[in-house]
Amino acid sequence: MSRSEELFREAVTLMPGGVNSPVRAFGSVGETPRFIASAKGAYMTDVDGNAYIDYVGSWGPMILGHNHPEVLKSVMEAAANGLSYGAATESEVKMAKLICEIVPSIEMVRMVNSGTEAVMSALRAARGFTGRNKIIKFTGCYHGHTDAMLVKAGSGVMTAGVPDSAGVPEGCTKDTLSAEYNNLDSVRTLFENCGEEIAAVIVEPVGANMGVVPPEEGFLEGLRILCDKYGSLLIFDEVITGFRLSLSGAQGYFGITPDLTTFGKIIGAGMPVGAYGGRREVMEMVAPVGAVYQAGTLSGNPVAMAAGLAQLTILKETPDFYENLNKKGDWFFSQMEKLLTDAGVPHCLNHIGSLGCVFFTDKKVTDYASAKTSDTTAYGQYFKHMINHGIYLAPSQFEAMFLSAAHQKERELAKTLEVMGAYFEKNN
Ligand SMILES: *Cc1c(COP(=O)(O)O)cnc(C)c1O
């Protein structure tokens, strides 16, 4: 038995599913999770000494590759000065300034400890500012595990949202309305029904939690127009897309200005960090200035700020960083497309910049319903082959592949394509 298997056997007796976050359990691909001992650049090494080219990147944060020397140095220096004070620090001012500088829609920001917390707090601020309760969310978009966002997919456009998890009272989701991604009509119908009650529309500007589903032409613009018409706020959940598609995230990439934005993942460079921010008048609703209460003992933690500041500074100051990363993504995913097509594998490969995903379906994937037509058994087999050949993919059909600056075209990407190509040739 491998050390990973031994650890997993013990882990399941001590933690639900043996893990601290469900997708790590590898349940949907029928494998045993690999226990990771270390990571560097594009690689992770497990406790049995197997090395993997990593396309999860801690679910996004590792855009520079694992354990970047400047990020590490910054963290070590901060840690040497103390781990937390529960008091104001200079690094928080630097972080706030940097975020406001690189994301034009953000006039004020509040740091929190996770993407979930950022979303929960942004929704509260939107409700406090508008004095309204209802939120529109899109089926298949993930906004963390806060009660109001755990609604059943496709619960119908007119009705109150139904909880999608045990332990969430109906009262917590009754003000969450579901619309379909890339379907403006479904949003328009909700606004026509109860536009004056809608506090906000929250959206992943690129769907990246049902696999990768980019917005169609006009979709995000249409949301902006509808929100303006009804006096509702537009919230971009950029926990994945922030600092990923461009320095100023999806909003910079597509040229759409949301009222509020949530961040996570890349902003903490691997430390537990989230943030929400936006228009000054909305953010001034937040305590201690305004009546919307929100707090955090470890928010703006100095070690976490040091990690995020170092990473964001590199992203900001490296010339052509995003142009190069996105070009590399275009190249990689077009090669992958060619392998799938040549082998005759039914597929839909969606990609944007350094995010991509192959759905094993012959349908075009534009929303949750079409994503769900994928053959998840086929994905599981593909995953198994890849991980056994040293390529670590997301252990679920409905997640993205994350490329980083550390993945080199001639090395890691070429090797990955070789392993993929051999598999698709045999399994079409
Ligand atoms: C990961 C994610 C979240 C939740 O962030 P956590 O840090 O896991 O709480 C929220 N929104 C989106 C779009 C995400 O991808």
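Whatever order the structure lists them in is the order used to number ligands and atoms, beginning at 1. It should be emphasised that the depicted structure is a prediction, and the values quoted were computed from it without experimental measurement.
- There is a side-chain donor-acceptor pair under 3.5 Å between S232 and R132.
- In terms of modelled atom types and a separation under 3.5 Å, the side chain of S246 and the main chain of G249 share a donor-acceptor contact.
- Across all non-hydrogen atoms, the minimal contact from D367 to M210 is C-SD, 3.8 Å.
- The shortest contact between atom 9 (O) of ligand 1 and any protein heavy atom is with T116 OG1, 2.6 Å.
- Short contacts between ligand 1 and I240, defined as distances under 4.0 Å to a heavy atom of the residue, involve ligand atoms 15 (O).
- Between the choices A208, G268, G144, S114, the shortest heavy-atom distance to atom 10 (C) of ligand 1 belongs to G144.
- Near E204, the atoms of ligand 1 lying under 4.0 angstrom from a non-hydrogen atom of the residue are 13 (C).
- Note: an N/O pair closer than 3.5 Å links N209 and ligand 1 by distance alone.
- In this structure, the separation between CD on E284 and CZ on R279 is 11.5 Å, given to the nearest 0.5 Å.
- Of the protein's heavy atoms, G115 N, 2.8 Å lies nearest to atom 7 (O) of ligand 1.
- Within 6.0 Å of CE on M76 lie no more than 12 heavy atoms contributed by other residues, nucleotides or ligands.
- Between Y142 and ligand 1, at least one pair of N/O atoms sits closer than 3.5 Å.
- Regarding atom 14 (C) of ligand 1, its nearest protein heavy-atom neighbour is K265 NZ, 3.0 Å.
- Regarding atom 11 (N) of ligand 1, its nearest protein heavy-atom neighbour is D237 OD2, 2.7 Å.
- In this structure, of T262, V203, V239, the residue bringing a heavy atom nearest to atom 3 (C) of ligand 1 is V239.
- The aromatic rings of F191 and Y230 lie parallel to each other, their planes meeting at an angle below 30°, with 60° marking the opposite boundary.
- Aromatic pair F398/Y379: ring centres not closer than 6.0 Å.
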